[in-house]
Number of protein chains: 2
Amino acid sequence: MPVNSFDNYPMSWKPDKKSLNSPLYLSIASLLEYDILNGYLKPNTKLPPQRELADYLDINLSTITRAFKICEMKNLIYAVTGSGTFVAPNAGKAIFIVDSETNKNFIEMSVVKPLDFFNVFVAEAIKSIAEKNYLEKLLDYGQPLGIPYHRMAAKQWLQRFNMDVNVENISITSGVQNSFTLILISLFQPGDKIAVDSYTYPNFIELANMLNIQLVPIGGDVLGMLPDQLDFVCRKTNLQGIYLNPSCNNPTAVTMDINRRKDIAEVIKRHRLILMEDDTYSFLVPQDYLPVSHYVPEQFVYMHGISKSISSGMRVGFIAFANEFTDKITRGIFNINVKTSALNAEVITELINTGVADKIISQKKEVAKERNLIYQKFFKVDNPNENPLSFFRWLPLAHKYHPQQFEQEVFAQGIRVYHSYRFFVRQEEPTQFIRISLTSALNSEELNRGLSILKSFLLNKNEESNI
Amino acid sequence: MPVNSFDNYPMSWKPDKKSLNSPLYLSIASLLEYDILNGYLKPNTKLPPQRELADYLDINLSTITRAFKICEMKNLIYAVTGSGTFVAPNAGKAIFIVDSETNKNFIEMSVVKPLDFFNVFVAEAIKSIAEKNYLEKLLDYGQPLGIPYHRMAAKQWLQRFNMDVNVENISITSGVQNSFTLILISLFQPGDKIAVDSYTYPNFIELANMLNIQLVPIGGDVLGMLPDQLDFVCRKTNLQGIYLNPSCNNPTAVTMDINRRKDIAEVIKRHRLILMEDDTYSFLVPQDYLPVSHYVPEQFVYMHGISKSISSGMRVGFIAFANEFTDKITRGIFNINVKTSALNAEVITELINTGVADKIISQKKEVAKERNLIYQKFFKVDNPNENPLSFFRWLPLAHKYHPQQFEQEVFAQGIRVYHSYRFFVRQEEPTQFIRISLTSALNSEELNRGLSILKSFLLNKNEESNI
DNA sequence: CAATTTGTCGCTCAACATTTC
DNA sequence: AGAAATGTTGAGCGACAAATT
């Protein structure tokens, strides 16, 4: 191809040669960033091949590669060998999930709230602790992993979910999100790669982005992540870890059965991945399920939040981990948080030891069951592996929409749900979904009303097929 | 120099040519790492020039540069153009400060404890909160930056220290260390460079290391960091931020006067640095001091811990920040912690609003004054800019010691202090110091005893000069 | 203060791996 | 199944900048 014919050749992106200055690769990267963030390059646009851009700008191919790598680290683009480079579907958009709570005159089905009306019990626990005479002792530094009494309660609690480890392998953290931060910083490096489900919890995605840790989506089926696909990716890419959500995957609501857990564990072992198992929803699963961590005793970090099961406001979580990680995690806790407030851990310990925690859970399960029945009055649940007590539901859409616009149109009807774009890791989505929280509405009646509005909205959009 | 004469030439490090495999640069980096971590290369050893190593291994110079860069990122070595590359003084050593608390049969003067015996007041505050009827309302998600009532209390509290900002520019965090994490992750990138005092708080150093943020030490004088030196470094290196501890620098105990604060602020403005001002010790400074943040209203993050002033166990801190950073910080808080427990913030708010916090502080200042007088019975304080109420003291040593060995020898006498190696950022220390905590001993008598033991120990070492 | 030593950095080259057709 | 398209990666080159002598 003659060098001067580029004007006639349709290139999706033509950086202005004149505005390039030294260093070239940074200059190119920032031009690209600018054009993406300012909307001149739309999500999913295919960029010209690196060779073509290099020819056009009359520089070396690898200079383009470097420029692209910078933008890829910022999650603005993603590159696939053989196919090309594409603008990321979520380039520059915030996907994180945060409770807005500004004069709620709409029905909340986006954020998953943990049925906070059981907080009366927590308030009682606080009162009973306030009367204890050892209160002062809870108020000093020391014991970054938690005081033994609290860690013992954690041990007993985790045993309920078949996670049986020594007290030395347990730490109190300031909630699951804080556990994510702790583990990503302590056990991983910027540039490391972690395998995740194609649909993953947005706040994990955003945190990984902030820390420059790359997430590699692995395909799944009705039971969740496919071991073969994981193995396949591990063979060609150097992965350091894997993040799993096996009890009730957020957002798909899928529960991994025992066989799939074993199979995945095999692959994790084979490739020496660090397993980050997020088992916040273990309380919604029958008692005979063993965590994936159980099968990889030398390379797991099991993260258990009590925000969903017991109380969200206390900001307490537990982690259990393989011996190997003890030093790094201890150091990490100290450098990130110093420690978690023992007062808060004491409240949770009290709830566990007095059996109130169990009571809260069984009541939450009742409500969850009821709300799922309401959901099924409106929408079908096809996959038998979806957790019947899930706090949220994952509904496929028959058509393609503009994600944010879709959320806004729904909102205009007085309800809020999340579109799947928030959960998707790289690449374009083949099918679109919405995640519907069942536990955020104030009561069954409100949920009923919300789902009914949603259903009419979808029917208006000719979305019969999945309903 | 003939290529074959290397055997006779004294090279401080000769990697085994045979154990090199592809990729070369990684292979070299891991050989170097191995030799440093296993003690074959001692701290401060000068490595052979990169060109010489390249010649010796018969590979390209830049391949060595790359290998060295990897080790430099891990803080195993540091390179100075013109002088050479050296093994880092703290290569592979943990310097972080953690309260060990295992059967204390020694006098604690290493960790700085915050005079925890005033926790009775905090316990009372908890009791009074437990009786409030709005307790449940504190237990949900939402309001990641803190509920307005708490942020208002924070605003009033910060005003005492002349930090006057709107409520919108304030957030509750889970303590100062957590604020560091938040800000380093939210406003900086791996590879960014931050200016710090040559002697800096070890847990800040370690956290920066974990996040691959480079710290650049700036020289100082009796008033702390020198503006000219900061300016000088900014001109040649691309710095993104600066970390300061102006009220009572940890470990030097120096208080920056107003003029120095203004001068430093000028340089910060000129080079558009992000200021991280750690003002945990502002309660030990006279009321007319303005924070450095005051002079750079568009680029500051002011971090205020209450662990030292009010209560360490509650894990609550406040940050105030320039408008510009609001979005990034909000997103960061949500992705790192979700939020800080409102229960804990409520306790601190209660202490502030009832005036108990002020009472705690004035009592702590009394004790600090008394303990500093005890110190001066044993050791001189030469620099008038050292804070007379400091919780710790910084004592120069006349001779050079092996740092860890020194700490152990002192420990053998039944006391614990920290050697300056823990605080030093890169390069070898010209003079060695020890940091002596005055507030960790249980009472004046114990402190007296500890200092007396320390003094005899030092006199035995012929350390008269500074005593 | 000029020459020398020493580390830094951006760009190029070429072999390679993966995907598509 | 083989050829073409496309992204990846390690190493080399050379100009440069800073510190030392």
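Throughout, a chain's letter reflects where its sequence line sits, starting with A, and its residues are numbered from 1.
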query = Which whole-number value in Å describes the distance from A:N60 CG to D:dA11 C1'?
reply = 13 Å
request  = Could you pick out which residue, A:Y25 or A:L61, lies toward the 5' side of DNA chain C when each is mapped onto its nearest nucleotide?
outcome  = A:Y25
request  = Give a yes or no on whether the backbone of A:Y421 and the side-chain of A:N90 come within a donor-acceptor separation of less than 3.5 Å.
outcome  = yes
message = Assess whether a salt bridge exists between A:R235 and A:D231, defined as any Lys/Arg side-chain N lying under 4.0 Å from an Asp/Glu carboxylate O.
response = yes
request  = State whether the distance check finds a donor on one side and an acceptor on the other, under 3.5 Å, for side chain A:S62 versus base C:dC13.
outcome  = yes
Over 12 non-hydrogen atoms of neighbours within 6.0 angstrom of CZ in B:R272 = no
query = Taking only N and O in the side chain of A:Q50, is any of them less than 4.0 Å away from OP1 or OP2 of D:dT8?
reply = yes
ask   = Taking CG from A:L26 and C1' from C:dC11, how many angstroms apart are they, rounded to a whole number?
value = 12 Å
query = Between C:dT6 atom P and B:F86 atom CZ, what is the distance in whole Å?
reply = 10 Å
request  = Output the single nucleotide from C:dG10, D:dG7, D:dC16 whose closest atom is nearest the side chain of A:A79.
outcome  = D:dG7
message = What is the distance, to the nearest angstrom, from the OH atom on A:Y78 to the P atom on D:dT6?
response = 15 Å
request  = Please list residues of residues 63-71 of chain A whose heavy atoms come under 4.0 Å from any atom in DNA chain D, ordered by number; otherwise none.
outcome  = A:T65, A:K69
request  = Determine the interplanar angle of the A:Y401 and A:H399 rings, folded into 0 to 90°, and report it as parallel if under 30°, tilted if 30 to 60°, perpendicular if over 60°.
outcome  = perpendicular
ask   = Are A:Y40 and A:W13 close enough that some pair of their side-chain heavy atoms sits under 4.5 Å apart?
value = no
inquiry  = So A:L24, base contact, sugar-phosphate only, or nothing? Heavy-atom distance under 4.0 Å.
reply    = sugar-phosphate
request  = For ring-ring contact (aromatic ring centres under 6.0 Å, His included), just list the numbers for B:Y199 and B:F433, CA-CA rounded to whole Å, side-chain angles, deciding distance to a tenth of an Å, and then say yes or no.
outcome  = CA-CA 10 Å; B:Y199 290 106; B:F433 295 81; 5.4 Å; yes
task = Between A:P23 and B:T85, just flag the one whose closest nucleotide in DNA chain C comes earlier from the 5' side.
result = B:T85
task = Could you check how far CD of A:E52 sits from P of D:dT6, rounded to whole Å?
result = 7 Å
ask   = With sugar-phosphate meaning primed atoms plus P, OP1 and OP2, does A:S83 contact a base, only sugar-phosphate, or nothing at under 4.0 Å between heavy atoms?
value = sugar-phosphate
note = Atom CZ of A:R51 and atom C1' of D:dT9 are separated, to the nearest Å, by 12 Å
inquiry  = How many whole angstroms separate atom CD of A:E72 from atom P of D:dT8?
reply    = 6 Å
request  = Return the orientation label for the A:Y243 and A:F204 ring planes: parallel under 30°, perpendicular over 60°, tilted otherwise.
outcome  = parallel
Between P of C:dT5 and NZ of B:K46, the distance in whole Å = 12 Å
